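Taking it in order: structure first as structure tokens, then the write-up.
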Amino acid sequence: MGWSSWNLVGCAVNETLIREIADSLVSSGLAELGYIHVNIDDCWQSARDPSTGLIIADPQTFPSGIPALADYVHSLGLRLGIYSSAGSKTCEGRPGSLGHEEIDARTYAAWGVDYLKYDNCYEEGLSDWRGTAARYAAMGAALAGVDRPITYSICNWGFANPWEFGPAVGAASWRTTSDICDSFTGSWCSVTAILDLSADLFRFAGPTRGFNDLDMLEVGNAGLSGPEARAHFSAWAALKSPLILGNDLRSMSRNVRDLLANAAVVAVNQDPLGVPASRVRRTPKGIDVFAGPLADGDVVLLLLNRAEVAQRSVPVPLADFGADPKTARPMAVVNLWAGYDLDGESSEARAVGTDLVVPHIAGHGVAMYRISPHPNQPFGPVFAPPTGTYPVGEWWYWPVMFVRWYKTRTEEELRSIGVQVVTASVALVIAISSGFRALRWTTPASGKRAPLK
Ligand code: GLA
């Protein structure tokens, strides 16, 4: 949990901003809730020393140097994050770390850095899964070899299935998609697009492996309405994505601050069991139902309304979150957004018959509950897996999923399911003309993804 500079200022990052944000994390009370990382994203580097190979912080924008900044951030009880790329350059063209992993890891450790976001630009042709895993393993090994714990956050946009190789290279988290933008729906970078691309990856995450990173939050930025921001935050929390803020903490409104400070939602995100919620149902009217287990035996239930209009009296079968409808009541149902302005409507859910009925969910909004089982009737194992096949969803991201998947398969695998090996785009055309609409993504119990059937 913490903050990163990218969504707010892009390349225009400097040490004054980082200090002010660190101050704001403390003064807003967010640090106390666990938002303790202050992450400098791309553009802090200016060059590499030609004789020593040492990376140099931009003297214009970081005149005091990174060690002084680390000291300041640490003096507030926070942790400092930094950024590089597993390539010859960063995405903004600054020097990358490919081939300089050890010297960079040693430098970060000597400077007092606590967290590294490691991007995927200028990968020098090493983009298949072997090359990708090797590039990320090199930095993982370098970080493991220094005498300072540095959290390793992989950012290769979900290419080459980082949820598969991430744990082996020492990553604490891996980005599941390309970059987020501040829109709720309607584009490949929207909140719902990223959610769809990440929803069935829950089985790959957990405290002993690492976490799916759905990218930095857009809460508090202009493109999201109040309900949309709440839905975005709730979904990222329930799916156990790192909560890295991307708004201007120095000038955020009271509403935004209070939303980010919802301790009950943060507790779901930080729950020690660490199991991401999975999507257990999609209703025809556009409600996505997510459920997931929590360490104390409770479950978190999240209903995200993808429709623009509010929905009322939404029934969720008790079995969706593991309750046996015949025996599992009564139970406590705590509304995690109680007391927040939900268009003046209450969202206190009630068990009715074999359903839990949710009275109101705003358009593009969310309802989120923590549900406790009857002491003698623990919940059953429902979180599993949407076994069998899984619908792809809206048409415009099929190509994204297809190309992502295609790029990570061997020729042999592709041939075995009848996809001709040419290039991703030619294969996509072939797939569409042979009825791609009918293709579905499968996540069998083995955990190995086999999306095409
Ligand atoms: C990539 C990453 C972003 C950001 C930029 C910086 O696009 O995915 O999160 O770090 O690079 O250039």
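Everything quoted here is computed from the prediction, not taken from an experiment. Note that ligands are numbered from 1 as they come in the structure, with each ligand's atoms numbered from 1 the same way. This chain uses plain numbering: 1 for the first residue, then up along the sequence. Note: hydrogens, waters and symmetry copies are ignored here, and every other heavy atom, side chains too, is used.
For Trp44 and Trp6, the ring centers sit 6.0 Å or farther from each other.
The shortest contact between atom 3 (C) of ligand 1 and any protein heavy atom is with Asp179 OD2, 3.4 Å. The nearest heavy-atom contact from the protein to atom 2 (C) of ligand 1 is Asp119 OD2, 3.1 Å. The single protein non-hydrogen atom nearest to atom 12 (O) of ligand 1 is Asp42 OD2, 2.8 Å, given as residue, atom name and distance. If you check which protein heavy atom lies closest to atom 10 (O) of ligand 1, you get Asp41 OD1, 2.6 Å. The protein non-hydrogen atom at the shortest distance from atom 9 (O) of ligand 1 is Lys117 NZ, 2.8 Å.
With sequence neighbours left out, Glu32 forms a salt bridge (charged side-chain N to carboxylate O under 4.0 Å, His left out) with no residue at all.
Atoms of ligand 1 lying under 4.0 Å from any heavy atom of Met216, numbered from 1 in the order shown and given with element: 9 (O). Close approach of ligand 1 to Glu92 is summarised as follows: ligand atoms under 4.0 Å from at least one heavy atom of the residue are 12 (O).
Trp337 and Ser234 form a side-chain donor-acceptor contact under 3.5 Å, judged by distance and modelled atom types alone.
Ligand 1 has no atom lying under 4.0 Å from any heavy atom of Thr90.
Contact annotation: for Cys155 versus ligand 1, heavy atoms closer than 4.0 Å belong to the side chain alone.
Residue Trp6 places no N or O, backbone or side chain, under 3.5 Å from any N or O of ligand 1. Considering backbone and side-chain N/O of Trp157, one or more are found under 3.5 Å from N/O of ligand 1.
Around atom CG of Asp49, more than 12 heavy atoms belonging to other residues, nucleotides or ligands sit under 6.0 Å away.
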